[in-house]
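Since the model is a prediction, treat every value here as computed from it, not as a measurement. We number each residue from 1, following the sequence as shown.
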Amino acid sequence: TAPPDPGDFLAVDAELTAEERDIRDAVRDYATAELAPRISEWYESNTLPRDIAKGLGALGLLGMHLEGYGCAGTNATSYGLACRELEAIDSGLRSFVSVQGSLAMFAIHRWGSEEHKETWLPRMATGEALGCFGLTEADAGSDPGSMRTRARRDGDDWVLDGSKMWITNGTLADVAVVWAQTDPDAGSKGIRGFVVPTDSPGFTANEVKHKLSLRASLTAELVLEGVRLPADAVFPDVSGLKGPLSCLNEARYGILWGAVGAARSCFEAALSYAMDREQFGQPIAGFQLTQRKLAEMVVAVNQASLTAARIGRLKDAHELHPAQVSFGKMANVHAALDVARTARTVLGGNGITLEYPVFRHMTNLETVLTYEGTEEMHTLSIGQALTGLAAFR
Ligand code: TGC
Ligand code: FAD
């Protein structure tokens, strides 16, 4: 038997179908050829050009696991593999695809009216139109139920006032899915979702500057000042946190796969560096202390890969519980951050530069640990599933 492939030590990908392997290879080839050569420059200059959307759309990666309206309609495992291969280059790229497909497009696909879907989804699938997802506010992060953004009725219209914080792609978006508390007098209770064209009067997006993490991604504050929308701008059939949380399940699923890619990239960089770098007259890979790091990293990367593959199959069988998504998001992001930190030490001083991907992944993963539910929120979600007791408040 041949020695195991370090990046797929347990041959997890051997279980993929031929179609899934083709998708994996197509995304890996595209990302390596088109995105990897420019990622350090985007990261350093804290930018991500809008035109990457067209290439990602042409590959079918935007709203990839949604059916109809120009979306590719692949299975969940294929979507996970795409996230893995994009995040192997940079978490910002996976974030771009997550926000477009799993948050903005999924919200419209799952909860929008027929008119919302026809207006937005085909153009979003090609990358011609971009979306963002506004749930978090400056004072309402882990506890989105405490949001202050309000939607009140004025005749048939809705009028939105408030602000959202940390919104990925907010300055690029043509359409924002905005979640707001509705006025009890409006005859609709609780949080509702609104489809807000970003050229609506009263809507502004301000870029968050000076980020030290996820720099190849644009993050914004959204301000809504008397944004007037027609009656049919609201998602018709969902109220309460169930609406936005259903979308978060989709994006968290992509993240638990993506983290495997970031971890694999760090591990492969460390392995290759350790083989080449010589100190005390021999490759540092020959020292026992380095080999322990390599062995611990290969175990972590491949355990995360197994977790993602299993959760993918559960999702494809429509048997995935949100607590299992929390398991994967918590375990895989934690593992990826550990791998990134260990890989960084193997690279010594070179580990802190942009010449290698490791430090970039490491700083990105600090965001990935926090967004889409912090590690603590997922710990408590698992705790609730185990005990039936909610310990959030
Ligand atoms: P709680 O009372 O537990 O639940 C309210 C309603 O929601 C339902 N629900 C879910 N539905 C679907 N999926 C889930 N995972 C769900 N969790 C709960 C629940 O059944 C209930 O439904 P109903 O019909 O009875 O009303 O709500 P809570 O206020 O106690 O909060 C629970 C908690 C803390 C788990 C939730 O608020 C939470 O997940 N907080 C974290 C917030 C978060 O993750 N924000 C992410 C913002 S988006 C983002 O970060 C994008 S990053 C960009 C990128 O992805 O790249
Ligand atoms: P807080 O909720 O204030 O948490 C601070 C600390 O307190 C954390 O450690 C948390 O775990 C802990 N904590 C809070 N409550 C409890 C508790 N009950 N028990 C124990 N510990 C607790 N949001 C969007 O809506 N859309 C986006 O596109 C988006 N993109 C993002 C992009 C970036 C780069 C970043 C950094 C964030 C983004 N977010 C987005 C927001 C993200 O989801 C929030 O940052 C996250 O949910 C945490 O909220 P917070 O930052 O307000 O932290």
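Applying the ring pair (Phe, Tyr, Trp, His ring centres under 6.0 Å) test to residues at least two apart or on different chains, none of the pairs has a partner in residues 367-393. Sorted by first and then second residue, the ring pair (Phe, Tyr, Trp, His ring centres under 6.0 Å) pairs with a member in residues 286-335 form an empty list; sequence neighbours excluded. Counting only residues at least two apart or on different chains, no ring pair (Phe, Tyr, Trp, His ring centres under 6.0 Å) pair has a member in residues 7-42. Residue pairs meeting the ring pair (Phe, Tyr, Trp, His ring centres under 6.0 Å) criterion with at least one partner in residues 72-99, sequence neighbours excluded, are H65-Y79.
No donor-acceptor pair under 3.5 Å is formed between the side chain of S78 and the backbone N or O of T74. Looking at K164, its side chain never comes within 3.5 Å of a backbone N or O of E137 through a donor-acceptor pair. At distances below 3.5 Å, at least one donor-acceptor pair connects side-chain atoms of T182 with backbone N or O atoms of G190. Not a single donor-acceptor pair under 3.5 Å links the side chain of S326 to the backbone N or O of I382.
Taking a cutoff of 4.0 Å between a charged side-chain nitrogen and a carboxylate oxygen, R152 and D157 do not qualify as a salt bridge. In summary, K315 and E250 engage in a salt bridge, as defined by a charged side-chain N under 4.0 Å from a carboxylate O. A salt bridge links D143 to R393: one of the charged nitrogens lies within less than 4.0 Å of a carboxylate oxygen. With respect to R94 and E372, no salt bridge is recorded, no charged nitrogen being found less than 4.0 Å from a carboxylate O. Between R21 and D13, no side-chain nitrogen of the basic residue sits less than 4.0 Å from a carboxylate oxygen of the acidic one, so the salt-bridge criterion is not met. Under a 4.0 Å N-O distance rule, the pair K54/E34 does not qualify as a salt bridge. Ion pairing of R313 with D316 is present here, as a side-chain N (NZ or NE/NH1/NH2) and a carboxylate O approach within less than 4.0 Å.
Donor-acceptor pairing under 3.5 Å is recorded for the side chains of W111 and S246. There is a side-chain donor-acceptor pair under 3.5 Å between Y273 and N350.
Through side-chain heavy atoms spaced under 4.5 Å, either directly or across other Ile, Leu, Val, Met, Phe, Trp or Tyr residues, W166 is tied to M165, V208.
In summary, the aromatic rings of F235 and F194 are positioned with their centroids too far apart to meet the 6.0 Å limit.
Both L93 and M64 are part of a single hydrophobic cluster, where members link through side-chain heavy atoms under 4.5 Å apart.
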**Item:** side-chain contact (heavy atoms from CB on, under 4.5 Å) between F133 and I167, intermediate numbers included
**Value:** CA-CA 7 Å; F133 183 89; I167 307 307; 5.7 Å; no
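By the ring pair (Phe, Tyr, Trp, His ring centres under 6.0 Å) test, F267 is found to be paired with no residue, residues two or more places apart in sequence or in another chain being considered.
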